[in-house]
Amino acid sequence: MPRLSLEGGHILIGTVKASGAKNAALPLLAATILMDGECLLSNVPDLHDINTMIKMLNALNVRAEYGPNNQIKITNTKKVRHIAPYDLVTAMRASFFVAGPLLAKTGFAKVPLPGGCSIGSRPIDLHLKGFKALGAKVSIEHGFVELQCKQLIGTRFYMDFPSVGATENIMMAATLAQGQTIIENVAQEPEITDLGHFLIAAGASITGLGTSTITINGTKTLTGTHHRVIPDRIEAGTLLIAGAITKGDVTVFDAIPEHNEPLLQKLKECGLGLEIFPDRVRVFYQGQPTAVDIETLPFPGFPTDMQAQMMSLMTLAKGTSIITESIFENRFMHADELMRMGAKIKLNNRSALVTGVPMLSGAEVKITDLRAGAALILAGLAAEGITTVHGLKHLRRGYDNLPEKLQSLGAKILG
Ligand code: UD1
């Protein structure tokens, strides 16, 4: 299994660019199924998950190909196929994003149930409730979700929980529905707003983006357009913590500070130095960080995707921090690995009590999911000696050249 070794104890200093957001690019790619003609997406990160979505589009007869400079050209001029291949959906949950666009565009979608993953069971009931509300016939047979409709009809729909994926899937489907759809209690993550802007540029009528109620007036067709993917707030946050945990001074540019507000507030509360500009953020060490409590919540709350990295920072903080995971049921797999590096952590159901220690020690550790991988690399950067991180494939799914970016800031990556 691919692994990475690094020598800890090197102070990270310098400037680094955030890549485009994985979680924005994936639904944007799925949305091209709705659009006739040619789309050009720029600032797309070079990642395994993006490749999986490209394969999915091609399997559905929507031609997608990587071009130079992180661009993807998508040509949707042929009859779209409506059966999503099993191996692509089970390889990546976000493949389920094609369900809403396929249903709206072709009136039929057959997509395998994505199944659980290492951070929890991750049902899709909210996606299906939304499709039903729009008038689709929904059935689950032989492990496949089958969706059918003659024409989706606008509706008023309240989401029991502001799920990011369900908001995106239902919003995409509603763009080609007949009449008006009002979705209440939607997720407000910046990636949803980015998707909304792309759909609007293609001819959709959407209001309320970034609020808890989105209104969509259906249209008959959408036309291919050009869009630049927003910067990855999670990658930017991870790089900022890399600066903080190594007692360094790191500036991340092409980042949107408002997208990282909850993290930046916490870094400030820890006593780290911060300078915020419209398109970049600088974090610098000003003495040992103070422990802070964290609870993950839907946006604009603290992101679950930054919980693991923040836990690494807290292992070296002054005092004790309570970290509560409210979004996913099983997202503390990194805690056991951090403990192997000398961290003092007590787990109790959905909370972790992290008491800062003076030093972590390098160890062999195992990555169980994407963000856990980032957390272990951050801990390794600060630890004494050499850390070897096993299971690198998880990291490659969602971080665009993270080891290389850390190296450019002064990290000693041994290969
Ligand atoms: C997206 C992000 C992921 C992030 C998560 C929460 C992408 C590709 N992934 O995942 O990185 O960690 O948001 O910010 O954008 N749920 C249900 N029923 C549903 C849907 C969700 O019960 O139909 C539950 C999930 O099990 C989970 C919670 O809602 O406990 C949040 O999930 P959701 O917001 O849907 O996350 P994803 O879209 O899967």
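Indexing begins at 1, ligand by ligand and atom by atom, following the structure's order. Residue indices begin at 1 and follow the sequence shown. What you see below is based on every heavy atom in this structure, not just the backbone, and it leaves out hydrogens, waters and symmetry mates.
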Tell me which part of [X] gets within contact of ligand 1: side chain, backbone, both or neither, using heavy atoms under 4.0 Å.
{"X": "F299", "value": "neither"}
{"X": "I327", "value": "both"}
{"X": "E325", "value": "neither"}
{"X": "T304", "value": "side chain"}

Would you mind listing which atoms of ligand 1 come within a distance below 4.0 Å of any non-hydrogen atom of [X]?
{"X": "F161", "result": "28 (C), 29 (O), 31 (C)"}
{"X": "N23", "result": "2 (C), 3 (C), 7 (C), 8 (C), 9 (N), 11 (O), 15 (O)"}
{"X": "G165", "result": "35 (O), 38 (O)"}
{"X": "H127", "result": "23 (O)"}

- Query: Does ligand 1 have an atom that lies less than 4.0 angstrom from a heavy atom of A166?
  - Reply: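 Contact absent.
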
- Message: Measuring from non-hydrogen atoms of R331 to any atom of ligand 1, is the shortest distance under 4.0 Å?
- Response: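 Contact check R331 vs ligand 1: positive.
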
- N/O donor-acceptor pair under 3.5 Å between N76 side chain and D36 backbone: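 No, N76 side chain to D36 backbone: no donor-acceptor pair under 3.5 Å.
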
Option set [options], criterion heavy-atom distance to [atom], minimum:
{"atom": "atom 25 (C) of ligand 1", "options": "F96, F97, F328", "result": "F328"}
{"atom": "atom 4 (C) of ligand 1", "options": "L195, D305, D49, N169", "result": "D305"}
{"atom": "atom 13 (O) of ligand 1", "options": "T167, V164, D369", "result": "V164"}

- Item | Y86, OH: over 12 other non-hydrogen atoms inside 6.0 angstrom | no

- Please work out which of the three classes, parallel, tilted or perpendicular, describes the rings of F108 and H82, given edges at 30° and 60°.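 Perpendicular, since the angle between the ring planes exceeds 60°.
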
- Message: Quick one, P303 and R233 - any side-chain contact, counting heavy atoms below 4.5 Å?
- Response: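 Of all side-chain heavy-atom pairs linking R233 with P303, at least one is under 4.5 Å.
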
- Grab the two heavy atoms, one from Y285 and one from A244, that are nearest each other, plus how far apart they are.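 Y285 and A244 have their closest heavy atoms at CD1-O, 3.8 Å.
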
- Nearest heavy-atom neighbours spanning D400 and S19: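 Shortest heavy-atom separation between D400 and S19 comes out as OD2-OG, 3.1 Å.
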
- Of Q307, H334, M311, R331, which is the lone residue that meets side-chain contact (heavy atoms from CB on, under 4.5 Å) with R371? R331

- Do R350 and F332 meet the cation-pi criteria used here (NZ or CZ under 6.0 Å from the six-membered ring centre, within 45° of the axis)?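 Negative - R350 is either too far from the ring of F332 or too far off its axis.
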
- Decide side chain to side chain donor-acceptor pair (under 3.5 Å) for Q265 and E269; before the verdict, give the C-alpha distance in whole Å, the side-chain angles of both, and the deciding distance to 0.1 Å. CA-CA 6 Å; Q265 285 305 328; E269 211 181 311; over 6 Å; no

